[in-house]
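Here's the structure, in structure tokens; my notes come after.
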Amino acid sequence: MSVITRFAPSPTGFLHIGGARTALFNWLFAKHHGGHMLLRIEDTDRARSTDAAVAAITDGLHWLGLDWQGEAISQFARADRHAEVARQLLADGKAYHCYCTPAELAEMRETAKAEGRSMRYDGRWRDRGPDEAPRDGAPVIRLKAPRSGATVINDLVQGQVTVQNAEMDDMVLLRADGTPTYMLAVVVDDHDMAISHIIRGDDHLTNAIRQRQIYDLLGWTAPHFAHIPLIHGADGAKLSKRHGALGVEAYREMGILPAALRNYLLRLGWSHGDDEIIETEQAIAWFDLDGVGKSAARFDTPRLENLNSHYIRSMDEGELCQLLADQLRSTLGRDLSATESGRLPLAIRPLKERAKTLLELADKAEFLVAGRPLAMEAKAASLLTGEAPAQLAKAHACLQSVEDWNLDDLTAAIRGLAEAEDLKLGQLAQPLRAALTGRNASPGIFEVLYFLGRQESLDRIGDHLV
RNA sequence: GACCCCGUAGUCUAAAGGUUAGGAUGCCGGCCUUUCAAGCCGGAGAUGCUCGGUUCAAGCCCGGCCGGGGUCGCCA
């Protein structure tokens, strides 16, 4: 049997970070077993479903580098098929019409609450014949679920989970308006799509028990279930709006690389011994459900940034320059000149090991594209007081005599000057750093001079001479 | 409240029932050094939620307690 998994998000406006991990696990599991993943949009709630929301999800998946086979499947489009299955169940005596009014249901809910149990429909229409149907009011179709015994699933992550049937009620399959409920739609779609493994968040664990009842009454073989623990916020509660960034696009905007997010998400709830840096090819080779833990993991941004800095340092420098240029254009709000663009590949190596995100990389590269006179940060300005102007004057004169503007000659010139003036290198380097970058921290000072070039360097230093 | 799941440093986690509970991240310190990083070295941080039981031996198996989470719709 070939492995077919599916990722089935509701189109709520973005690809949720938890959903992204679910998608990643589905994708890795399928790839590992030589199968494939399908994408199904759970859009039966028409009020909340828009094309834009669907696009946000597919964009997020593309960015993360996760693909699926064929077109995304709309659950809503399959409503007729779902209704057909409900009617078949009805014809087979495995489901029945229920004419309960919302008021009756509310009353049952009240009673249940008062008695300290969970809400359960009491099955009052379960054994009534069609002749008892009221003249007005369309019925819903409910499943005639077993009333004794227990329903069991053998979950690949959670193990055997058993719920007594007496704990459950007869769920609605088809609404009064003839539209299918989620519970029915999921079962029918997973069956029709020949899904072999359902990998999803464990907030669906109790749903799996109910879905199992539908499979059983339908006489269908249920797929394997694997309910993975949810991702929680730093406070241990389910990730929600108040925790801040929820969608993957927010991480993209923060300058997180897809490779880093994949690696981070992979290690949240899954492990392979002591391995931490796991690239995607390796993940496909290693990933399986037995490595998935059962407890919820908290989202930890510092760890994500640590992995991100690793992937920034190890990625192809040409690609990184491209990303840096894009980021600079966006923060500056203008195009880069040819001279400015030319500095990027020169400076990328020392810059990239100082940045945890693309945003930070662009910030640290800002001096390469800043116009004169340079804006001075407070800590940089304080480096330009006292003896500093005098040192800068000497440095300026010294640098003017450097004919071939290369790293070796620049190093020799400045070191020579420090020696001749009996100064520590720092006494020269720090004022130079401030004058050249407007900051008190930067790559090595000889590199900075080299990246900026002769004219720009001398001009920037000159701006601080009286 | 009912049902279900979980419980190893702040966080993510490792360890056929058998060393001093290992790694990563974060934090602190050192080396390097023109600054900031990176890199290397070192340090603190876990009475394994807790109380019992089984066993020669329990983080691991069993039971209870406590704590956390999830689910209880004609939402998905």
Side-chain angles (χ1 to χ4, degrees), chain A residues 8-12 42-45 47-49 75 98 100 102 105 109 112-121 138-142 155 157-159 161-164 167-169 171-177 179-183 185-186 201-210 227 229-230 232 234-238 264 267-277 293-307 309 313 350-356 364 379-380 383 414-415 418 424-430 432-434 437 439-446 448:
Chain A
S10 305
T12 51
E42 315 244 293
D43 54 357
T44 52
D45 183 348
R48 282 196 283 180
S49 304
Q75 186 159 66
C98 167
C100 271
L105 259 11
R109 199 166 287 123
K113 198 176 174 184
E115 292 175 5
R117 335 176 249 104
S118 50
M119 154 64 178
R120 244 172 285 147
Y121 166 67
V140 300
I141 293 179
R142 285 185 184 270
D155 194 280
V157 170
Q158 305 288 336
V161 179
T162 305
V163 173
Q164 296 303 315
E167 296 292 337
M168 291 185 291
D169 63 2
M171 74 194 99
V172 173
L173 263 20
L174 209 64
R175 300 187 187 99
D177 66 2
T179 62
T181 61
Y182 164 78
M183 220 55 80
V186 167
D202 71 8
D203 49 340
H204 284 287
L205 187 56
T206 54
N207 288 340
I209 297 284
R210 315 194 95 199
H227 289 91
L230 297 177
H232 287 176
D235 60 355
K238 186 178 180 177
Y264 178 70
R267 280 286 292 100
L268 217 49
W270 178 86
S271 62
H272 184 271
D274 282 340
D275 296 299
E276 299 289 347
I277 302 291
K294 295 170 79 170
S295 54
R298 299 182 188 208
F299 198 88
D300 185 44
T301 306
R303 178 69 177 132
L304 205 211
E305 290 186 337
N306 170 267
L307 284 167
S309 67
R313 271 176 273 138
L351 245 25
K352 71 180 183 179
E353 65 185 33
R354 291 166 167 78
K356 290 196 285 289
K364 296 195 188 296
K379 283 178 179 172
L383 292 173
I414 299 292
R415 283 198 187 279
K424 285 206 267 190
L425 189 52
Q427 291 176 281
L428 229 37
Q430 285 301 79
L432 274 173
R433 189 182 319 282
T437 69
R439 310 278 181 100
N440 66 330
S442 80
I445 199 63
F446 310 125
V448 168

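On a predicted model such as this, the values are computed, not experimentally measured, just so you know. So that the names make sense, note that chain A is the first sequence line, chain B the second, and so on, each numbered from 1.
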Inset, instruction - With RNA chain B as reference, determine whether Ala441(A) or Arg120(A) sits nearer its 5' end, using the nearest nucleotide of each. - result: Arg120(A)
Inset, instruction - Pick base, sugar-phosphate or nothing for Met168(A), based on heavy-atom distances below 4.0 Å to the nucleic acid. - result: nothing
Inset, instruction - May I ask you to say what Arg313(A) touches in the nucleic acid, namely base, sugar-phosphate or nothing, with a heavy-atom cut-off under 4.0 Å? - result: sugar-phosphate
Inset, instruction - Have a look at Ala297(A) and say if it touches a base, only the backbone sugar-phosphate, or nothing, with a 4.0 Å heavy-atom cut-off. - result: sugar-phosphate
Legend entry - Partners passing salt bridge (Lys or Arg N to Asp or Glu O under 4.0 Å) against Asp169(A) (at least two apart in sequence or in another chain): Arg210(A)
Inset, instruction - May I ask you to say what Arg109(A) touches in the nucleic acid, namely base, sugar-phosphate or nothing, with a heavy-atom cut-off under 4.0 Å? - result: sugar-phosphate
Legend entry - Nucleotide interval of RNA chain B bounded by contacts with chain A (heavy-atom cut-off, under 4.0 Å): rG1(B) to rA76(B)
Inset, instruction - Indicate yes or no: does Arg303(A) engage Glu276(A) in a salt bridge with an N to O separation below 4.0 Å. - result: yes
Inset, instruction - Report yes or no: do Arg433(A) and Thr437(A) form a side-chain donor-acceptor pair below 3.5 Å? - result: no
Inset, instruction - For Val172(A), answer base if it contacts any base atom (sugar-phosphate contacts may also be present), sugar-phosphate if it contacts only those atoms, and nothing otherwise; contact means non-hydrogen atoms under 4.0 Å. - result: sugar-phosphate
Legend entry - Sugar-phosphate, base or nothing in reach of Ser271(A), heavy atoms under 4.0 Å: sugar-phosphate
Inset, instruction - Find out whether the Lys NZ or Arg CZ of Arg142(A) is both under 6.0 angstrom from the six-membered ring centre of Tyr121(A) and within 45° of the ring's axis. - result: yes
Inset, instruction - Looking at every strand, decide which applies to Arg267(A) at a 4.0 Å heavy-atom threshold: base, sugar-phosphate, or nothing. - result: base
Inset, instruction - Remember a base hit wins even if backbone is also touched, and classify Asn207(A) as base, sugar-phosphate or nothing at under 4.0 Å, heavy atoms. - result: base
Inset, instruction - Just call it for Gln158(A): base, sugar-phosphate, or nothing, with non-hydrogen atoms closer than 4.0 Å on any strand. - result: sugar-phosphate
Legend entry - For Ala208(A), side-chain contact (heavy atoms from CB on, under 4.5 Å) partners two or more places apart: Ile153(A), Arg200(A), Phe225(A), His227(A)
Inset, instruction - Show the numbers, then the answer: is there a side chain to side chain contact (heavy atoms under 4.5 Å, CB included) between Ile209(A) and Met168(A)? - result: CA-CA 9 Å; Ile209(A) 297 284; Met168(A) 291 185 291; 3.4 Å; yes
Inset, instruction - Looking at every strand, decide which applies to His232(A) at a 4.0 Å heavy-atom threshold: base, sugar-phosphate, or nothing. - result: sugar-phosphate
Legend entry - Sugar-phosphate only, base, or nothing, as touched by Pro443(A) at under 4.0 Å among non-hydrogen atoms: base
